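What you see is a predicted model, and the numbers here were worked out from it, not measured in a lab. What you see below is based on every heavy atom in this structure, not just the backbone, and it leaves out hydrogens, waters and symmetry mates.
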Protein chains: 2
Amino acid sequence: MLKDKPVIAPHECVDCPIRHRAVCARCDVNELEELEAIKYYRSYEAGQTVIWSGDRMDFVGTVVSGIGTLTQTMEDGRTQMVGLLLPSDFVGRPGRDGSAYDVVATTDLVMCCFRKRPFEQMMERTPHLSQRLLEMTLDELDAAREWMLVLGRKTAREKIASLLSIVARRDASLKLGVPDGPLVFDLPLTREAMADYLGLTLETVSRQISALKRDGVIHLEGKRHVTIPDFTRLMEEAGDDSDGGMLV
Amino acid sequence: MLKDKPVIAPHECVDCPIRHRAVCARCDVNELEELEAIKYYRSYEAGQTVIWSGDRMDFVGTVVSGIGTLTQTMEDGRTQMVGLLLPSDFVGRPGRDGSAYDVVATTDLVMCCFRKRPFEQMMERTPHLSQRLLEMTLDELDAAREWMLVLGRKTAREKIASLLSIVARRDASLKLGVPDGPLVFDLPLTREAMADYLGLTLETVSRQISALKRDGVIHLEGKRHVTIPDFTRLMEEAGDDSDGGMLV
DNA sequence: CGACGTTTTGAACAAGGTCAAGTCGTGTGG
DNA sequence: CCACACGACTTGACCTTGTTCAAAACGTCG
């Protein structure tokens, strides 16, 4: 799994790949210039910890590429993933010094960071920034609540199907457009990471994935490369309404 | 349980009991006056549904008194509570028309409502409002994530202890000051509502409450009146760090 | 080839769920 | 005033789901 060390992406904000989805989405050219002045890139290798829970955080930032996780751990070692960080997601909380969670790079990860103080100051005088952050936070809150239903009430099989459908959907939306044929993607998570996300053990995750494969809901090439022949079927397995609960 | 019908509270914002914690907390007198013009009170009796999931919502608002719940339901009837609404909590999402959840009054409930359009317009030109809402939303997100750990990784006994400690803490903070003696409060939830919050069945909730009583972690008078002789002990039972994970 | 991390599979076990009585407390009607 | 009906709660016996512990298979890298 040893790869080239991730390269610092030398983007101008103007041609940033996630510009229209990130916290800066509503900023005008002047505001972008201002951001440009306080931003810098950091990159992490797969497996690296970005921040430990409780650590002082002197920056906030946006995931540019790669995948990260937000996890909470109890003293005895039980861990629960509480968030998946995909490109354009925001990390850190303005107005708070310490991180409440462990942030870990699951794949190689590039982040666009802003020193916290200057960013906070800019937020105070830039409604475009705080409005967008509010919108993103509300979306995350909805996602967290949807996940509460998954954790609290779904069976192991439904949990796996839910995770697969979320990853499939997010992946499809990155590749813009709805291909509507069979969905194909690579799982960015190990069985253990999936277990931590779903509140299961890795053995149960493995068994349920095998079962979904056996039942033709998914196809696997190797351990990670997934094909979903019928997305509606997967949604049914997830116990979700087939419309995906879309809201304005 | 038949009581007087809840009376509409005729508050001036200036002497509103939850003014310093609600979405209007940062507003100055002029802004309060502006809010005053678009606000009105609604009240609900215990058990009434405030909004059904999917329904169009033409208002947003703040809980003034009483307790409500936010729940999600699957087609087959499994339900999961995704939020507890206490005084000063905000209901509704600016920028979205439909409610994503069922909102139910658990006790008699009074809400301070704003028509959605005017409120959204005011938010656009009133940073004090959107900044405060951002802060509150971030707090809710943290609470939701903490709850994900409860749902995903804690045992039934730990779940009950977690719920009790949250209710106890919230209750103590309303009665301002830290009495530091034994905590005493009334459970605002039925066993079934607790089960829906914790991802358990009501039988398991009942058994675990009996067990905590038997072990002296809590005392009960009747079914709902709870005394916590030793809060630290309760926190241990909840599997939490005894410091309560306080962050700035 | 051999070592290591990841994943799969099996068998025994336990936590919590399900189903079924029963209790308790309160309000209602005879 | 008492009987009883109703809803909220408790308790018991049994069963299912997912966990635990253990071993083996797989794949990649050195």
For this session: Answer yes or no on whether B:Arg42 is positioned over the face of B:Phe59, meaning its NZ or CZ is under 6.0 Å from the six-membered ring centre and within 45° of the axis.
Result: yes
For this session: Provide, to the nearest angstrom, the distance between the CZ atom belonging to B:Arg224 and the P atom belonging to C:dC24.
Result: 18 Å
Exercise. If only atom types and distance count, is the side chain of A:Asp76 paired as donor or acceptor with the main-chain N or O of A:Arg78 below 3.5 Å?
Worked result: yes
For this session: Scan for salt bridge (charged side-chain N to carboxylate O under 4.0 Å, His left out) pairs involving residues 189-214 of chain A, sequence neighbours excluded, and state none if there are none.
Result: A:Asp196-B:Arg153
For this session: Under the side-chain hydrogen bond (donor to acceptor under 3.5 Å, both in side chains) rule, collect the residues that match up with A:Asp186, sequence neighbours excluded.
Result: A:His225
Exercise. Taking the side chain from A:Arg157 and the backbone from A:Gln208, do they hold a donor-acceptor pair closer than 3.5 Å?
Worked result: no
Problem set entry | Check ion pair A:Arg21-A:Asp89 (N to O, under 4.0 angstrom) | no
Exercise. Is a side-chain donor-acceptor pair under 3.5 Å present for A:Thr204 with A:Thr201?
Worked result: yes
For this session: Whole angstrom is fine here: how far is it from CD in A:Glu221 over to P in C:dT7?
Result: 17 Å
Exercise. Hey, are the side chains of A:Ile160 and A:Ile209 touching, using non-hydrogen atoms and a 4.5 Å cut-off?
Worked result: yes
Problem set entry | Non-neighbouring partners of A:Thr62 that pass side-chain hydrogen bond (donor to acceptor under 3.5 Å, both in side chains), sequence neighbours left out | none
Problem set entry | Members of residues 187-196 of chain A that approach DNA chain D, where some heavy atom sits under 4.0 Å away | none
Problem set entry | Salt bridge flag under 4.0 Å for residues B:Lys159 and B:Glu237 | no
For this session: Residues of residues 198-216 of chain A with any non-hydrogen atom less than 4.0 angstrom from an atom of DNA chain C: list those, numerically ordered, please.
Result: A:Leu202, A:Glu203, A:Ser206, A:Arg207, A:Ser210
Exercise. For residues 150-160 of chain A, which residues have at least one heavy atom under 4.0 Å from DNA chain D?
Worked result: A:Thr155, A:Ala156
